[in-house]
Amino acid sequence: MLTEISYRPQYPLNSFVDYIWIGKSPDLKMRFVHHAALFTELIFSYGDHYTVGGENTERVTGRAGLQIISGLKQQPFVTETEGVYECIGLLLKPFCYGMLIREFGTGTMEAISEILYDCLFDNENPDFEEAEKCLLKVFGTMQPDPDLMKFEKYLASEMGGKGMLKDFSELLPISQKSFIQKFRKYYFLTPGEYLNLYKMNRAVKFLQNNRSDRLTDIGLNSGFYDQSHFIRVFKKLSGQTPKEFLKSGIR
């Protein structure tokens with residue numbers, strides 16, 4: 001039997017963590033292929049075999065189990081599990097990869113792994129309030145970069161439209177070159193690569209929720225210049241054309 005529980009944290013933790021998930025099963029064998037997603041994920045695995053593939057992925061084995069951090073990717077990637085499945089995952093804002101990679105493998109992360117296990121696994125009812133307190137010991141000391149926060153806000157308002165990056169660069173108090181260097185330090189992608197990832201994930205939501213719309217309209221509404229641009233970028237990041245993705249019924 002597979003048990004899955006998810007929880008959305010409160011402010012201020014939700015400035016970094018979109019939600020916390022728990023997955024457990026006494027015996028599970030699964031292999032999933034995912035499209036390149038628009039989030040960073042931190043996973044603590046206490047069971048048997050569990051792995052995440054793809055670029056910007058680091059793993060370390062600690063006293064309490066396996067720790068995996070998975071950042072933004074530009075190609076589809078695979079997750080696999082076999083045997084006892086016991087995982088706690090944090091779906092994080094995209095910029096968190098560059099912040100957490102500095103803490104990865106340290107005693108602080110090891111302590112979090114042990115405390116999360118005690119709060120969420122070693123109780124009949126998961127204690128998410130205690131888990132939030134534990135996580136704030138790490139995230140509460142972090143300060144998101146104001147230029148990156150301004151970029152995320154501008155991207156959300158402009159929906160990745162044509163000329164967005166050029167227009168945004170004119171609002172920056174620093175040079176475009178300095179902003180790109182700062183961006184890569186946190187996202188491990190350039191702003192242009194991140195923008196394509198944003199558009200593809202936006203198109204995925206349209207394909208999942210608006211199946212009656214024409215593919216050309218979905219591409220344009222997602223911020224792509226034309227259908228050719230839409231198909232080329234979508235296939236690179238998801239491994240399928242938009243039409244193939246729609247037929248596959250992936251949710």
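Throughout, numbering of the chain's residues begins at 1 and tracks the sequence. Treat the numbers as computed from the prediction; the structure is a model and nothing was measured.
Contact record, Gly105 with Gln67: N-OE1, 4.2 Å, taken as the closest heavy-atom pair. Among all heavy-atom pairs drawn from Thr40 and Pro94, the shortest one is OG1-O, 3.1 Å. Val17 approaches Pro9 most closely through the heavy-atom pair O-CG, 3.2 Å. Closest of all the heavy-atom pairs between Ser15 and Phe95 is O-CZ, 3.8 Å. Among all heavy-atom pairs drawn from Phe179 and Asp147, the shortest one is CE1-O, 4.0 Å. Scanning all heavy atoms of the two residues, the minimum distance from Leu215 to Pro242 falls at CD2-CB, 4.3 Å.
Taking the side chain as every heavy atom from C-beta outward, Val78 and His34 never approach each other to under 4.5 Å. Side-chain contact check for Arg184 versus Thr190: some heavy-atom pair is nearer than 4.5 Å. Inter-residue side-chain proximity for Leu120 and Ile20 is flagged as met; some heavy-atom pair is nearer than 4.5 Å. In this structure, the side chains of Cys87 and Phe44 stay at 4.5 Å or more apart for every pair of heavy atoms. For the pair Val138/Thr108, a side-chain contact is recorded, criterion being any heavy-atom separation below 4.5 Å from C-beta on. Between Arg59 and Thr61, the closest side-chain pair of non-hydrogen atoms is not below 4.5 Å. The side-chain heavy atoms of Asp145 and Lys182, taken from C-beta on, include a pair separated by under 4.5 Å. Under the 4.5 Å side-chain criterion, counting only non-hydrogen atoms from C-beta, Lys236 is in contact with Gln74.
Using cut-offs of 30° and 60° for the angle between ring planes, the Phe121 and Tyr117 rings count as tilted. The aromatic rings of Phe224 and Phe230 sit tilted, their planes meeting at an angle between 30° and 60°.
With hydrogens and angles disregarded, a donor-acceptor distance shorter than 3.5 Å links the side chain of Glu110 to the backbone of Arg63. Side-chain atoms of Asn201 come within 3.5 Å of backbone N or O of Ala36 as a donor-acceptor pair. Checking side-chain atoms of Ser113 against main-chain N and O of Met109 turns up no donor-acceptor pair under 3.5 Å. Asn56 places a side-chain N or O within 3.5 Å of a backbone atom of Leu72 that can act as its donor or acceptor partner. Proximity of a side-chain donor or acceptor of Lys73 to a complementary backbone N or O of Glu55 within less than 3.5 Å is detected. Under a 3.5 Å cut-off, the side chain of Gln181 and the backbone N or O of Ser178 do not form any donor-acceptor pair. Under the 3.5 Å distance criterion, the side-chain polar atoms of Arg202 are matched with a main-chain donor or acceptor of Asn221. The main-chain N or O of Thr241 is found under 3.5 Å from a side-chain atom of Glu244 such that the two form a donor-acceptor pair. Judged purely by atom type and a 3.5 angstrom limit, Lys199 uses its side chain to pair as donor or acceptor with the backbone of Gly223.
Side-chain heavy atoms closer than 4.5 Å link hydrophobic residues (I, L, V, M, F, W, Y) into clusters, and following such links, possibly through other members, connects Ile5 to Leu135. By the criterion of side-chain heavy atoms lying less than 4.5 angstrom apart, applied directly or through intervening Ile, Leu, Val, Met, Phe, Trp or Tyr residues, Phe245 is not grouped with Leu220; the two fall into different hydrophobic clusters. Both Ile101 and Phe183 are part of a single hydrophobic cluster, where members link through side-chain heavy atoms under 4.5 Å apart. Tyr225 and Tyr194 fall into different hydrophobic clusters, where Ile, Leu, Val, Met, Phe, Trp and Tyr side chains are chained together by heavy-atom contacts under 4.5 Å. Note on Leu165: it does not cluster hydrophobically with Ile180, by side-chain heavy-atom contacts below 4.5 Å among ILVMFWY residues.
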>> What verdict does the salt bridge (charged side-chain N to carboxylate O under 4.0 Å, His left out) test give for Glu80 and Arg31, after you've listed the backbone C-alpha separation in whole Å, the side-chain angles of each residue and the deciding distance to 0.1 Å?
In response: CA-CA 4 Å; Glu80 293 179 304; Arg31 183 180 188 274; 3.3 Å; yes

> Is there a side chain to side chain contact (heavy atoms under 4.5 Å, CB included) between Lys93 and Asp18 once you walk through the steps?
Replying inline: CA-CA 7 Å; Lys93 304 292 185 188; Asp18 282 330; 2.7 Å; yes

>> Applying side chain to side chain contact (heavy atoms under 4.5 Å, CB included) to Leu92 and Ile69, what does each step give before you reach the verdict?
In response: CA-CA 10 Å; Leu92 305 163; Ile69 185 167; 5.6 Å; no

> Going through the distances and angles, do His49 and Thr81 end up as a side chain to side chain donor-acceptor pair (under 3.5 Å)?
Replying inline: CA-CA 5 Å; His49 175 72; Thr81 185; over 6 Å; no

>> Go through it in stages, so that I can follow the logic: the residues are Leu237 and His35, the test is side chain to side chain contact (heavy atoms under 4.5 Å, CB included), and I'd like the CA-CA distance, side-chain angles, deciding distance and then a yes or no.
In response: CA-CA 6 Å; Leu237 296 172; His35 66 266; over 6 Å; no

>> For Glu170 and Lys166: C-alpha separation, side-chain torsions, deciding distance, then whether salt bridge (charged side-chain N to carboxylate O under 4.0 Å, His left out) applies.
In response: CA-CA 7 Å; Glu170 295 175 357; Lys166 181 177 180 300; 3.3 Å; yes

> Step by step, would you call Tyr97 with Leu189 a side chain to side chain contact (heavy atoms under 4.5 Å, CB included)?
Replying inline: CA-CA 11 Å; Tyr97 186 82; Leu189 297 181; over 6 Å; no

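Note that CG of Asp127 and CG of Asp118 are 11.0 Å apart. Values are rounded to the nearest 0.5 Å. Residue Ile88 holds its CD1 atom at 9.0 Å from NZ of Lys24, rounded to the nearest 0.5 Å. Between atom SG of residue Cys96 and atom CZ of residue Phe139 there is a gap of 5.5 Å, rounded to the nearest 0.5 Å. Atom CD of Gln240 is separated from atom CD1 of Ile231 by 13.5 Å, given to the nearest 0.5 angstrom. One finds the CZ atom of Phe188 at 13.0 Å from the CD atom of Glu193 (value rounded to the nearest 0.5 Å). For the atom pair Ser248 OG and Lys243 NZ, the distance stands at 13.5 Å (nearest 0.5 Å).
Taking a 4.5 Å side-chain heavy-atom cut-off between Ile, Leu, Val, Met, Phe, Trp and Tyr, the cluster of Met30 extends to Leu2, Tyr19, Trp21, Leu28, Phe32, Phe39, Ile43, Tyr50, Val52, Leu66, Ile68, Phe77, Tyr85, Leu91.
Counting non-hydrogen atoms of neighbouring residues, nucleotides and ligands closer than 6.0 angstrom, the NZ atom of Lys150 exceeds 12 such neighbours.
The distance between the ring centers of Phe168 and Phe151 falls below 6.0 angstrom.
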